[in-house]
Visitor: 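I have a structure here, written as structure tokens, and I will follow up with some questions on it.
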Amino acid sequence: MLKTLSIATLSLALLPALALASDAGTLKQGEKLYKTACIACHSTGAANAPKLGNKQAWAPILARGMDEIMTVATNGKGAMPARGGTKADDAALRAAVEYMVSRVQ
Ligand code: HEC
């Protein structure tokens with residue numbers, strides 16, 4: 001993924017938005033998708049996947065901001081398959097990512 005400077009800057013500007021708590025329903029939905037589709041790699045750190053709950057692994061990811069994280073989650077990167085290898089729609093995928101992010105805050 002090519003990143004333009006403006007997108008990087010925008011992501012940084014949006015960083016405080018990460019601190020916003022997601023509502024419980026969204027997190028619950030996200031946890032469900034995580035447990036069916038993402039857990040295989042993200043609970044073990046397979047292929048260098050950032051492990052759920054590992055603040056050290058997630059810190060540099062969170063620093064890039066939610067927009068960039070969603071771009072990677074949607075399109076994939078390295079061993080991370082696009083949408084985690086699922087057919088999840090944008091809202092469901094985002095819920096799973098928000099669940100993962102909530103575990104390192
Ligand atoms: C086949 C293994 C695998 C599966 C399944 C998988 N991931 Fe990943 N994921 C990875 C790997 C590997 C990385 C690290 C990619 C890198 O930085 O090179 C990653 C990175 C991420 C990141 C960090 C993105 C960033 O900005 O660096 C998020 C968020 C993520 N995955 C979400 C998910 C979600 C949500 C699911 C389930 C819907 C999922 N992943 C399923 C392997 C997987």
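Every number for a ligand or one of its atoms is a count from 1 in the order of the listing. The residues of the chain are indexed from 1 along the displayed sequence.
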Visitor: Would you mind reporting whether Ile69 and Leu62 have side-chain heavy atoms less than 4.5 Å apart?
Guide: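 Of all side-chain heavy-atom pairs linking Ile69 with Leu62, at least one is under 4.5 Å.
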
Visitor: What is the closest protein heavy atom to atom 29 (C) of ligand 1, and at what distance does it sit?
Guide: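 Protein heavy atom with the smallest distance to atom 29 (C) of ligand 1: Ile69 CG2, 3.5 Å.
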
Visitor: Please report the interatomic distance OH(Tyr99) to NZ(Lys28), rounded to the nearest 0.5 Å.
Guide: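 Between Tyr99 OH and Lys28 NZ, I get 9.0 Å after rounding to 0.5 Å.
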
Visitor: At what distance, to the nearest 0.5 angstrom, does CD of Glu31 lie from SG of Cys38?
Guide: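 Taking CD in Glu31 and SG in Cys38, the distance rounds to 11.5 Å.
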
Visitor: Hey, is CG on Asn48 packed in by over 12 heavy atoms from elsewhere, all under 6.0 Å?
Guide: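 No, not enclosed.
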
Visitor: If the contact criterion is a heavy-atom separation under 4.0 Å, does Ala40 count as touching ligand 1?
Guide: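 No, Ala40 has no heavy atoms under 4.0 Å from ligand 1.
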
Visitor: Tell me whether ligand 1 is touched by Ala37 - counting only heavy atoms on the residue side and a distance under 4.0 Å.
Guide: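 True for this residue.
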
Visitor: Considering only NZ, NE, NH1 and NH2 on the basic side and carboxylate oxygens on the acidic side, decide whether Asp89 and Arg94 come within less than 4.0 Å.
Guide: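 Salt bridge flag = no for Arg94 with Asp89.
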
Visitor: Looking only at protein heavy atoms, identify the closest one to atom 28 (C) of ligand 1 and say how far it is in Å.
Guide: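 Of the protein heavy atoms, Trp58 CH2, 3.9 Å lies nearest.
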
Visitor: Nearest 0.5 angstrom please: Gln29 CD to Glu98 CD, how far?
Guide: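 Answer rounded to 0.5 Å: 10.0 Å.
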
Visitor: Mark up the atoms of ligand 1 that fall under 4.0 Å of a heavy atom belonging to Ala96, in ascending order.
Guide: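 Numbered from 1, ligand 1 contributes 35 (C).
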
Visitor: Considering the heavy atoms of Ala79, write down every atom of ligand 1 situated less than 4.0 Å from one of them.
Guide: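 Within the 4.0 Å cut-off of Ala79, ligand 1 contributes 1 (C), 12 (C), 42 (C).
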
Visitor: Quick one: look up the protein heavy atom nearest atom 12 (C) of ligand 1 and list residue, atom name and how far away it is.
Guide: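 Residue, atom and distance for the closest contact: Ala47 O, 3.2 Å.
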
Visitor: If you take the nearest heavy atom of each of Arg94, Met80, Arg83, which one is closest to atom 13 (C) of ligand 1?
Guide: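 Shortest heavy-atom distance from atom 13 (C) of ligand 1: Met80.
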
Visitor: Below 2.8 Å, any N, O or S contact between Cys38 and atom 8 (Fe) of ligand 1?
Guide: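 False for Cys38.
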
Visitor: May I ask you to test the Arg103-Asn54 pair for a side-chain heavy-atom distance under 4.5 Å?
Guide: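 They are not in contact (no side-chain heavy atoms under 4.5 Å apart), so the answer is no.
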
Visitor: Shortest non-hydrogen contact from Ala88 to Leu33?
Guide: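 It is CB-CD2, 3.8 Å.
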
Visitor: Counting heavy atoms only, which of Arg64, Met66, Lys77 comes nearest to atom 27 (O) of ligand 1?
Guide: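 Among Arg64, Met66, Lys77, the closest heavy atom to atom 27 (O) of ligand 1 belongs to Arg64.
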
Visitor: Just need the protein heavy atom nearest to atom 24 (C) of ligand 1, so name the residue and atom and give the distance.
Guide: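 The closest heavy atom on the protein side is Val72 CG1, 3.4 Å.
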
Visitor: Around atom 41 (C) of ligand 1, find the nearest protein heavy atom and jot down its residue, atom name and distance.
Guide: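 The closest one turns out to be Gly84 CA, 3.5 Å.
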
Visitor: How close do Ala46 and Ala40 get, counting heavy atoms only, and between which atoms?
Guide: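 What the structure gives for the nearest pair is CB-O, 4.4 Å.
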
Visitor: With atoms numbered from 1 as shown, which atoms in ligand 1 lie under 4.0 angstrom from a non-hydrogen atom of Ala49?
Guide: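 It comes down to these atoms of ligand 1: 10 (C), 11 (C), 12 (C), 13 (C), 42 (C).
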
Visitor: To which of Glu68, Glu98, His42 does the heavy atom nearest atom 30 (C) of ligand 1 belong?
Guide: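 The nearest heavy atom belongs to His42.
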
Visitor: Nearest heavy atom to atom 2 (C) of ligand 1 wins, so pick from Ala46, Cys41, Pro50.
Guide: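 Selected option, by shortest heavy-atom distance: Cys41.
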
Visitor: Tell me, do Thr74 and Arg83 make a side-chain contact under 4.5 Å, heavy atoms counted?
Guide: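 Touching, per the 4.5 Å side-chain cut-off.
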
